[in-house]
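Chain identifiers are assigned alphabetically (A, B, ...) following the order of the sequence lines, protein sequences preceding nucleic acid strands; residue numbering begins at 1 within each chain. Bear in mind the structure is a predicted one, so any value in this text is a computation, not a measurement. All values below come from the heavy atoms of this structure, side chains included, with hydrogens, waters and symmetry mates left out.
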Amino acid sequence: MASRAIVDANEHQEPIYLDYRGRYDGILGWILSTDHKRIGLMYLAALVVFFLAAMTLGFFMRLEQWTVGQTIVDAKTYNTLFTVHGVIMVFLVVVPGIPATLGNFFLPLQLGAKDVSFPRLNLTSWYLYMIGALIIFLALFTSGGLPDTGWTFYAPYNIRTTTNIPLAVFGVFILGFSSILTGLNFVTTMHQLRAPGMSWFRMPLFCWGLYATGWIQVLATPVLGITMLLVLVEKTMSIGVFDPSLGGDPILYQHLFWIYSHPAVYIMILPAMGIISEIMPTFARRTIFGYKAIAYSSLAIALAGSLVWGHHMFTSGQSYTANVLFSLLTFLVGIPTAIKVLNWVATLYRGAIRIEPPLLYALSFIFLFSIGGFTGLMQGVLNVDVHLHDTYFVVAHFHYVMFGGTVMGLFAGLHYWFPKMFGKMYEKSWANISWALQLIGFNMLYFTMLVMGYNGMPRRYYDHLIEFNAGHQLATVGSWVLIAGILIMFANLLHGLLKGEEADDNPWGGTTLEWSIKGLPPLENFDEIPEVTQGPYDHNPEPEVVK
Amino acid sequence: MNSGNFTAQVDATFMFILIVSLILMAGITFSMIYFLFRYHHTKNQKPKDIHGNMWLELLWTVIPTILVLVMFYYGMVGYEKMETIPEDAMKVESTGRMWGWQFNYENGIQTDTLYVPKGKAVHLYLNSTDVIHSFYIPGLKAKKDVVPGMTNEMWFATDEIKAYDVFCAEYCGDRHAYMLTKIVSMPPAEFDAWYQSNAKTEENTEESTAAVDGE
């Protein structure tokens, strides 16, 4: 690293972001740094650890389903496995996921800004995230045992269980603040710090994704905070809010929970859609098809997605009218989503396509996310959902969306921006192999679960009837293939980070501002704030220039 | 009133969406793969910046809109049937608790397996004594949550002489996966005999339950 620092010091007025010396050295130079790039990497490091931990829990869950009856753990342990898997994956990985990691790193770079609007607040968000995570981990190992409510913490079970729910819920409450502040910070940054000449419609689509996400974070997350606070009040002071034995209403809990947690799904997916919108034009070497439609559809998804929470409750006993309205609104979200998918595919038309790992991940995103979308339609239909609700179908659907969507989007983004983050390149052949393994394993695992769900396999079941056994075994084998693909991918990225070849400044031919920086970005990103004179993906401005 | 087995209608709606989805999925996937080869940079050196096409974009806004509205409509019609409980249905109180089911018939019979006459509409009043459960009959594609503090209602009718699985579908703790029971669908005459001879006393119920199970 030292040798590169000397070279780069000559190229930029300021040292590159990995090498600069502020007031502090070593680890303090990171955990007290307000540089958005360092903060992004700190989130990324934590996120990878959490992801691997929760993936391991998922591995054991699948293994337990190998036989009828007990395979490796007892029922109580299994219930904590899926709870902790869900809590970590949802609240520590996919919700903060892309905005906190790649968003932090690349938002200011794509805007042509020196940093986010509130760098210190940004660092505060990271601390809140780490404190929230720490509290959740404390909850796992303190009195009462591991939480066993499922990640939804449904009332009144959350009040009756003896496990340490209050602490876990408090952790989620803290994480909410991290999310709100990040959203606020990003929205402000996009309003205030776009480079001269970058009108709203010259802003890269990844930023548009973050913009829509930022608003949901600011507006919806407080509801989660309120809900978690009410659970705490109920549990510690025995004030009836959700528990019917105290005069509370458990359906109220579900409303409040999903008023946040459904929009949260869009917090998860919109930034991933943004990444796909970056990758498709870059590897097709042409501009994106339907820029404005994609930008507006992000906003439309954020808006409509905030009004559909009741579709989680079609069987709860909520009124017929409410169910019909929520079903109708749910279908409206499908329209902007369809527009996005079709525009991405059309972007390949008449391109000069380079098939590289980021594009492969982006294409698998489109494939898996589309299946997630179509299975979503099936559950939006009232009478079909009555059958599918709380079965493996739902579990498989949201893994197609959150894993096949958000996480594959994150993997695509990591492979895309890796050279700009670290100045190195991973082995492309291994990246391709890990991609193929993930795609195969993913579908073996989750497509099988779709079929089992339609046949009536309920979710969160420790045990299963014998007729489901073959499906469970196929899914479990799929989980091994998937995990092998993920481990190879991380090993390859780590190897690239430590021993990879030096990467070019712009290895993929990207046109957005981050690729205009020579080598690694310096401390304040740009030696001179760039002037923007064209759209973000004009690969072939007239007269036609082909690389 | 027509059949209270919702399977046919749910399957038909599902099949409609499935076919639409498969056609679109195939279109998306084949377009992607075709474009990858057709416009690979070795074949197409001159990419073209196409910023959009109003008619095309309008087309794929309008078509999905129509499709999803049709889906919504079918779902609503099917759901209305699930929610319209026939007046003459046999009323049974069904109580969920951690971790089992109990059924109370109008004449005082109490069982933990639900015996019903084939073809007869059954109207369940669902109550919970503790946490939320969910009464799920995959074989009839019917489900309703069992929520403490409120009484949810559902109905179904069997169309075969057989035992249908019942699962608890809302997570409720350690033995959630074992909160199972059966709906035993009997020939109406046989059911009537059982129903008449077991009225009231509880010991009676136990015996008769065993007898029916033994058959």
Would you verify whether the NZ or CZ of A:Lys292 falls within 45 degrees of the ring axis of A:Phe201 while also being under 6.0 Å from that six-membered ring's centre? yes
Taking only residues at least two apart or on different chains, which pairs with a member in residues 130-152 of chain B satisfy salt bridge (charged side-chain N to carboxylate O under 4.0 Å, His left out)? B:Asp11-B:Lys141, B:Glu83-B:Lys144
Side chain, backbone, both or neither: which part of B:Leu67 has an atom under 4.5 Å from a heavy atom of chain A? neither
Give, as side chain, backbone, both or neither, the part of B:Glu80 having an atom under 4.5 angstrom from any heavy atom of chain A. both
Tell me, for B:Asp174 versus chain A, whether the close heavy atoms (under 4.5 Å) come from the side chain, the backbone, both or neither. both
Engaged part of B:Met98 at the chain A interface, taking heavy atoms whose separation is under 4.5 Å: side chain
Residue part contacting chain A, namely of B:Thr29, when any heavy atom lies under 4.5 Å: side chain
Compute the ring centroids of A:His312 and A:Phe326, then answer whether they are less than 6.0 Å apart. no
Name the region of B:Phe167, side chain, backbone, both or neither, that has any atom closer than 4.5 Å to a heavy atom of chain A. both
Ring centroids only, cut at 6.0 angstrom: are A:Tyr349 and A:Phe289 within range, meaning strictly under it? no
Neighbourhood of chain B inside residues 332-340 of chain A, taking heavy atoms under 4.5 Å as contact: A:Ile335, A:Ala338, A:Ile339
Is the distance between the ring centroids of A:His539 and A:Tyr537 under 6.0 Å? no
Are A:Tyr78 and B:His176 close enough that their ring centres sit under 6.0 Å apart? no
At a heavy-atom distance under 4.5 Å, which candidate from A:Asn343, A:Thr287, A:Asn383 has the highest pair count against chain B? A:Asn383
